[in-house]
Every structure is written in structure tokens, then in C-alpha cells.
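Each remark here refers to the structure printed beneath this line.
Sequence positions, counted from 1, serve as the residue numbers for this chain. Note that this is a predicted model, so its numbers are computed, not measured.
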Amino acid sequence: MSTIKTVFFVCFCAVLFSKCSPKNSTATQQPVHQDTPFWQDYSVKFYAQPTDGTLLSAYSDRNGVIKVLTDKGLAQPYDGHFLYHGKLQPDGTYRPLKTKKISALGVYESQFVYLDDKTVLSNSWAGKLFSKHQLPTARLFAGGANFEFLVSDGKALYLVNDSKLLWKGNLSSDEALQISYQASSGTYWILGRQGLYSFKNNQLNKVFSGANLTAFDVSTDNKKIFIGTSDGYIEWDMAAQKQVGDIRKKLPWTDITAVKSIGDKIWFGTTDGAFALRADGKFDYYNGERWLPSNQVVHISEGPNNSALVLTKGGLGQICFKQMTLHEKAMYYEQQVRSRHIRNGFNASLDNMEKGNIGTGYLADSDNDGLWTSMYLGGEVYRYAVTKDPEALQNCREAFEAMERLYSINPVKGFPSRSYERSGFIPQLSDPERWQHSADPEWDWKATTSSDEAVGHIFAFGTMAELIDDPSLKKRAITLIDSLMSHIVQNNYYLIDFDGKPTTWGRWSPEYVNAMPKNVGDRKITSSNIVAMLQTAYHFTKKEIYKEKAFELMNKHGYFENLMRPMKEIGSAADDADALSKELSDGWNHSDDEMYFVCYWGLYRYAFNDTLKTHFKKAIIDHWEIERPEKEGAWNIFTALTGAKDFDLNESVWYLQEHPLDLIDWSISNSHRKDIEKLAPNFRGQTTKEVLPPDERPVQRHNANMFNLDRKGSNGTSEHSAGDIWLLPYWLGRYLGVISEPKK
């Protein structure tokens with residue numbers, strides 16, 4: 001470096017790192033989401049039994065009663081609720097129906113109507129509907145005006161009313177698959193394998209010719225007919241009497257088996273799940289047992305109370321829609337966490353379940369018990385700061401006590417254990433080789449703590465120290481901040497385990513950090529994290545050692561330059577780099593994103609001076625810019641703490657609204673979809689041009705790649721806690737004021 005450059009750099013650093021007192025930055029006007037009700041979808045599943053036979057169709061009547069037709073007779077759903085799966089069982093409600101050879105089930109004027117080998121009949125209207133049709137092999141029918149019914153066996157077409165044959169005809173060179181009546185025009189529509197036909201005023205006309213047709217329905221606005229095929233669907237304009245554009249094949253799956261217009265959506269059943277075409281032209285895809293008993297859909301109809309009945313070969317999936325605010329969704333998740341995700345005070349997963357049965361399984365230990373609990377605790381701190389709800393304060397107290405004990409259950413001063421559990425179970429716990437016996441013979445603790453844990457602890461303890469008005473809790477939180485950071489500083493920026501050696505991933509020392517090439521992400525993140533942690537420690541303890549060490553790292557060891565390095569420069573290590581650098585840079589690390597953003601709270605909020613705060617804001621925004629394609633609600637809302645006007649609020653709300661209420665790890669498949677634009681393999685692991693909604697992809701914590709398309713393997717064996725996944729970003733948004741209180 002030249003003399004002139006050296007003098008300039010020294011002067012620049014003298015201004016930049018001047019140890020002035022922090023000041024509040026000028027607040028900017030940020031957008032605010034008004035929390036009005038939205039439609040939340042969820043599924044109630046009714047599984048078929050092996051003795052149920054082949055499932056054919058499902059309908060509901062004006063009373064909300066649901067009936068399913070099988071080749072062995074009628075069935076009905078039993079004892080199903082959200083997360084509590086029901087089953088289909090034989091329907092013996094009307095004993096005389098057992099003697100009928102029912103071949104089709106339908107709804108006319110919101111009442112159940114049946115077709116057998118002799119009649120169209122119903123138990124409604126005092127049983128007076130009993131119209132003989134003279135077509136012994138009839139299997140299709142639809143009701144028109146004044147109790148007329150068009151009946152077919154696939155070839156012949158009979159129009160009957162009160163047992164009188166009004167007209168008969170046939171599809172001479174085609175096979176009828178489905179009949180529907182359009183009341184607005186008084187027209188019967190008949191779909192054949194090779195065409196669409198209209199029947200009105202005793203005139204049968206072929207209006208569209210095609211091939212491999214499978215199912216159809218008229219849109220609710222009576223403007224279009226949607227025709228499914230074995231390879232896409234066709235839109236047919238009723239006014240122009242012609243097809244609109246080419247066959248649609250850019251779909252989640254193209255082998256269509258059912259079509260139904262419900263409200264402003266067109267629903268399609270396929271051999272690989274169901275999807276709904278929304279008014280905005282995009283699809284909602286329902287695939288896997290999060291939504292359906294089986295992906296092979298055979299029939300779709302409108303269900304009771306804003307639901308869709310999706311009948312599959314494996315049973316009935318009732319897709320329900322309920323209006324709720326984000327706050328109401330938060331209250332559901334709060335109960336989910338408290339009722340089955342608290343283990344010794346930790347925020348934990350429910351594992352080893354029996355295929356989605358939340359009454360089975362056990363609360364599992366985790367390498368990151370402290371981190372997941374830190375994130376849950378942070379969310380509850382924000383909740384308490386906003387609401388002053390004593391329940392939130394008690395949740396904070398219990399989670400904090402679990403984390404506090406991480407420091408006392410092992411013999412190393414200031415060292416946090418990863419986890420702890422009652423003694424005698426080490427062989428059953430994850431990573432049994434990492435567990436140690438406590439001085440208390442009733443307990444064991446887990447060693448090898450990583451930086452993930454440490455940054456989570458400092459984040460949670462900092463939010464408690466700042467926002468909790470309980471003097472005892474504040475003092476205890478500050479004590480733990482000081483205890484952990486004293487351990488790190490006194491041990492040359494290492495976490496020193498029970499064996500006197502640094503843990504594998506608890507390292508922030510200059511000799512470790514700066515040994516890595518500048519483009520390796522660990523060099524940047526480690527510098528960013530330790531500065532944030534030291535700032536937090538100084539902010540609450542006022543011990544000069546923390547400020548001095550932070551400036552020493554930034555000035556003398558280049559940590560400021562490291563943490564300010566633009567994200568676009570982060571990539572794979574060169575071929576001649578050391579093995580560790582190559583290992584740490586073989587792809588984008590989403591766990592690093594989690595550590596970055598959790599630490600941004602301390603990096604920005606507790607910055608030593610306004611000059612640093614300005615630079616740190618620039619680093620946060622730079623990171624956020626590269627994360628934007630993921631539409632990650634937590635990272636967007638953490639970015640809002642800088643006061644930035646643009647932090648993708650709409651995408652954050654989308655993330656919160658689209659998260660499934662069902663957080664069970666069902667098998668998920670999206671790689672087969674034809675409506676997504678896939679990208680070539682890349683460093684960030686972005687698989688598609690646009691990220692899928694959370695309710696269509698695997699359930700994931702924030703340390704996972706939001707572009708993961710599939711989840712294979714075990715199906716329904718574990719349930720995630722909403723504590724870290726959803727409640728943290730929601731309550732942070734409430735605290736920062738970018739999400740409003742619920743609006744009625």
C-alpha cells in the first residue's frame with residue numbers, strides 16, 4: 001500500500017471507528033400490512049379401507065352431509081378433523097338404498113339424487129322423485145329444469161321426467177363420459193372421449209372435436225367450458241363457440257381426471273394430485289398427504305362450508321377454507337407449540353410419529369436445541385413487548401430457564417451445552433458420542449457446541465435484556481451474555497469444550513477467520529457475527545473490554561472489511577485453496593443466512609456509533625438483495641429493522657399467509673411439475689426461477705433452501721414446531737410495526 005493510501009486509510013478508520021456513543025437513527029416511513037382476514041386452506045382426510053372397493057364420486061348436500069359412491073355401494077366419512085384423520089365407512093343411513101344397484105350419485109337443487117338400473121330417485125322431496133328411465137345399464141345422469149333428467153349408459157341418451165321418456169338419442173361414434181346441466185342457458189352438455197356435445201330443445205349437436213378427453217365443467221360465470229385431457233386442458237369460449245388458444249400444458253401435472261368450477265377457481269384432479277386455477281392465472285397445487293389420502297384423483301365437487309371434496313383412490317380429502325387474520329393464525333401456532341413441542345422448556349420437534357398421528361411420537365433432542373429455542377424465545381419476547389400478555393411472559397420465562405440451565409449443567413464456565421436430557425438415554429439420543437455425564441447423576445448434557453448456538457443465545461438474551469420489563473429476567477439475561485462472551489474473549493475467540501479443546505464450529509479467532517480466502521463465506525459471516533455479539537455484550541454490560549476487542553478485530557484484523565464484503569463476491573474457493581475452505585464453499589450455506597440475520601439485530605441495533613450503523617445497514621441490505629428470490633419472511637422482516645422502506649413486505653405477508661397449518665413432514669414432490677421453470681445447477685442451489693409457496697413445498701426451518709422441491713423418505717413421521725419457523729417473523733413484524741394488529 002502506498003504512503004498516501006496508508007494515510008488515507010488510517011484517517012478513514014479514525015473517523016469510522018471513533019468510539020462515540022450510539023444515537024437513534026432517524027426513523028423512515030415504512031409500509032405496514034393491515035392484518036385483515038385472508039383465506040387459509042387446510043385439509044381433513046378420510047382414508048378408505050381395503051374393503052371399501054373402488055371409489056367413484058363424492059358430493060355434499062344442503063345440510064353439509066357428505067356421501068361417497070363406491071362400486072360396493074354408498075359410504076360416508078367418519079370422525080375426521082384437521083390433523084386427526086378419519087375414515088370412510090359403509091353408509092346404512094337409508095336401509096332401502098342397500099337393495100338398489102346405485103350406479104351414479106349426484107346433487108339436484110342441493111339434495112342427493114341417485115341413479116340405479118331402473119330409476120332416478122331421491123329420499124328428498126318426501127321421496128316423490130322416482131323417475132323410471134328404461135336404460136338398465138345407465139351410469140351417467142344430470143338434472144335439468146322441472147325435474148327432467150338426461151340419462152346415459154355411455155352410448156344412448158334418454159331424457160326422462162316423472163317416468164316419461166321425452167326424447168332419446170345416442171352418440172353413434174363416441175362414448176359419453178360426463179353430463180352436466182347449465183341452468184342459465186337451459187343446455188345439457190355431454191362430454192365424450194372425442195368431443196363435446198350440447199343438447200337443448202331436443203337437439204343434440206357436436207360443438208367441439210378433440211381426442212383423449214377425460215372430464216369437463218362450465219365456469220361459474222357461464223363464459224367458458226374447461227375440458228380436461230390426458231395431456232393438458234382446453235378452454236372453450238361459449239359465446240364464440242371455439243377453443244381459446246392452444247391446449248394448456250404448463251400445469252403442475254397434465255394427466256387430468258376431474259374438472260370442477262367452484263367459486264372463482266377451476267379445480268383439476270390428476271393422476272398426481274389436484275390443482276386449482278385461480279383468477280390471477282396461477283395455480284394452487286395440492287400434492288401429497290399434507291392434503292390428500294392419495295395423489296390419484298377420481299372426482300372433485302363442491303363441499304360444505306367453503307370446501308372442495310377431492311376424492312382419490314385412497315380416500316377423500318376435504319380441502320377447507322377458513323377466513324383468519326395473521327394474528328388468529330399466530331394464536332393457533334402458539335397453541336401448537338405449547339401443546340406438543342416443549343421439551344424440558346426447549347422448542348422441540350415431535351418425532352417417530354405414526355403417519356401423521358400427533359398422538360404418537362416423542363419430543364426429540366436436537367443439535368440446535370439452544371438455537372431453535374432462542375428463535376422461539378425471541379418471538380415470545382416480541383409478542384410480550386407488543387401485547388404485554390402474561391402468557392407470553394411466562395413462555396419467555398420457561399424458555400429462558402431451559403437455556404439458562406445449558407450453562408450450569410456442564411462444568412465449563414461460560415460454556416453453553418448444546419442440550420441436556422435425563423440420564424440413562426444416551427444411546428437413544430442423536431449423536432450419542434457427543435453426550436457427557438453431568439455432576440448431577442440424574443442428567444446428561446451434550447457437548448461440541450457450535451457458533452449457531454452462540455449467536456442464537458446472544459440474540460435471544462439481548463432481546464430479553466432490552467424488551468422484558470421483569471428486573472430479574474433482565475439481570476439474568478445480561479449475566480448470561482456476559483458469561484458467554486467472557487468465555488469467548490478469554491479463550492481467544494474460541495468455544496472451549498470440556499476436553500480443553502475448541503469445538504469444531506465455535507471459532508471466531510483471526511488466525512482461523514483470516515486463513516480462509518476472502519471469497520469464502522465463513523470469513524464474512526464469522527466477522528459479522530462476532531462483532532454483533534461483542535456490541536451486544538458492551539451495550540448491556542458497559543464493559544470496555546467488549547468494545548475494545550470489537551474495534552481491535554475490525555481495525556487490526558480486518559473484520560470490518562470482511563463483514564462489509566459484498567455478497568456477490570462470495571463463492572467457491574479456488575482449486576489451490578485448503579481443504580476446509582473448499583468444504584465451506586461448496587455451495588450456498590443457508591444456515592449461515594440464519595446466523596447472519598439473527599445477529600443483524602445486535603449488529604445494527606447496538607452499533608457503537610451512527611457511522612458504523614450506516615455501514616452495517618448497507619451490509620444488511622446487500623445481503624437481503626441476494627436473498628430476495630427466496631421470499632423468506634424472516635429475512636425480509638429482519639431487514640425492516642434497519643428502517644428500510646423496501647424490504648418486500650408483500651412477499652413477507654405471502655410467506656406468513658401461505659404457510660400450511662399442517663407442519664407435519666409429509667412426503668412432497670414437485671420436480672415433476674410442468675408449470676415451473678427450472679434453472680441449471682448453481683452455487684446458490686436455486687432450482688426454479690420462482691420459489692414455490694410454503695404450503696406446496698417441504699416444511700423447513702429458516703436454515704434450509706427455500707427452493708427445495710421434494711421431500712422423500714419417511715412420510716408423516718415428524719412435526720415441526722411453529723415457534724422458530726413462523727412465530728418469530730410474525731411477532732418481529734408486529735414489534736417493528738410493519739404488521740398491524742388484527743383488523744375486523
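A side-chain donor from one of Asp174 and Tyr197 sits under 3.5 Å from a side-chain acceptor of the other. A donor-acceptor contact under 3.5 angstrom links the side chains of Asp221 and Ser219, judged on distance only. A donor-acceptor contact closer than 3.5 angstrom links the side chains of Trp588 and Asp593. Looking at Glu354 and Thr360, their side chains never bring a donor and an acceptor atom within 3.5 Å of each other. With hydrogens and angles left out, the side-chain atoms of Asp665 and Ser718 include a donor and acceptor closer than 3.5 Å. With 3.5 Å as the limit, one finds no donor-acceptor pair spanning the side chains of Ser124 and Arg62. Side-chain contact of Glu696 with Asn670: a donor-acceptor pair under 3.5 Å is absent, judged by distance alone.
How far CG of Leu661 is from CG of Leu83: 8.0 Å, rounded to the nearest 0.5 Å. In this structure, the separation between CG on Leu326 and NZ on Lys743 is 13.0 Å, given to the nearest 0.5 Å. Going from atom CG of Leu292 over to atom CD1 of Ile319 covers 5.0 Å, rounded to the nearest 0.5 Å. How far CG of Asn715 is from CE of Met353: 10.5 Å, rounded to the nearest 0.5 Å. Distance CD1/Ile256 to CG/Asn212: 12.0 Å, rounded to 0.5 Å. Separating the CD atom in Gln686 from the CE atom in Met706 is a distance of 13.0 Å, to the nearest 0.5 Å.
For Lys249, the salt bridge (Lys or Arg N to Asp or Glu O under 4.0 Å) partners are Asp231, not counting sequence neighbours. Remark: Thr70 engages Leu55, Val68, Lys72, Ala75 in a side chain to side chain contact (heavy atoms under 4.5 Å, CB included) (not counting sequence neighbours).
Ring pair Trp253/His672 is perpendicular by interplanar angle, where above 60° counts as perpendicular and below 30° as parallel. Ring geometry for Trp726 versus Tyr333: interplanar angle of 30 to 60°, hence tilted. Ring pair Phe268/Phe226 is perpendicular by interplanar angle, where above 60° counts as perpendicular and below 30° as parallel. A perpendicular orientation is assigned to the rings of Trp189 and Trp236, their planes being inclined by more than 60° (bins at 30° and 60°). Below 30°, between 30° and 60°, or above 60°: for Tyr188 and Phe199 the angle between ring planes is between 30° and 60°, a tilted geometry.
Side chains of Cys320 and Val44 form a contact here, defined as non-hydrogen atoms less than 4.5 Å apart. Using a 4.5 Å cut-off on side-chain heavy atoms (C-beta onward), Val297 and Asn295 make no contact.
In this structure a side-chain-to-backbone donor-acceptor pair under 3.5 Å is present from Lys329 to His659. At least one donor-acceptor pair under 3.5 Å links the side chain of Ser261 to the backbone N or O of Thr220.
Here Arg673 does not pair with Glu690 in a salt bridge; the nearest charged N to carboxylate O distance is not below 4.0 Å. Taking 4.0 Å as the cut-off between side-chain N and carboxylate O, Glu658 and Arg697 do not count as a salt-bridged pair.
For Tyr286 and Trp267, the ring centers are positioned less than 6.0 Å apart. Side-chain rings of Trp39 and Phe321 stay apart, their centers remaining 6.0 Å or farther from each other.
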Exercise. Is there a salt bridge (charged side-chain N to carboxylate O under 4.0 Å, His left out) between Glu289 and Lys355 once you walk through the steps?
Worked result: CA-CA 9 Å; Glu289 289 186 72; Lys355 197 175 182 180; 3.3 Å; yes
For this session: Show your reasoning for whether side-chain contact (heavy atoms from CB on, under 4.5 Å) applies to Trp291 and Lys45.
Result: CA-CA 7 Å; Trp291 301 107; Lys45 298 184 285 290; over 6 Å; no
For this session: Starting from the C-alpha separation in whole Å, work towards a yes-or-no answer on side-chain contact (heavy atoms from CB on, under 4.5 Å) for Arg711 and Gln700.
Result: CA-CA 10 Å; Arg711 183 184 185 278; Gln700 300 179 132; over 6 Å; no
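In this structure, Lys67 satisfies the cation-pi test against Phe112, with its NZ or CZ atom closer than 6.0 Å to the six-membered ring centre and inside 45 degrees of the ring normal.
A side-chain hydrogen bond (donor to acceptor under 3.5 Å, both in side chains) check over residues 300-313, counting only residues at least two apart or in different chains, returns the pairs Ser307-Gln318.
Minimum heavy-atom separation, His590 to Arg684: NE2-O, 3.7 Å. Ser152 and Ile179 get closest at one heavy-atom pair: CB-CD1, 3.8 Å.
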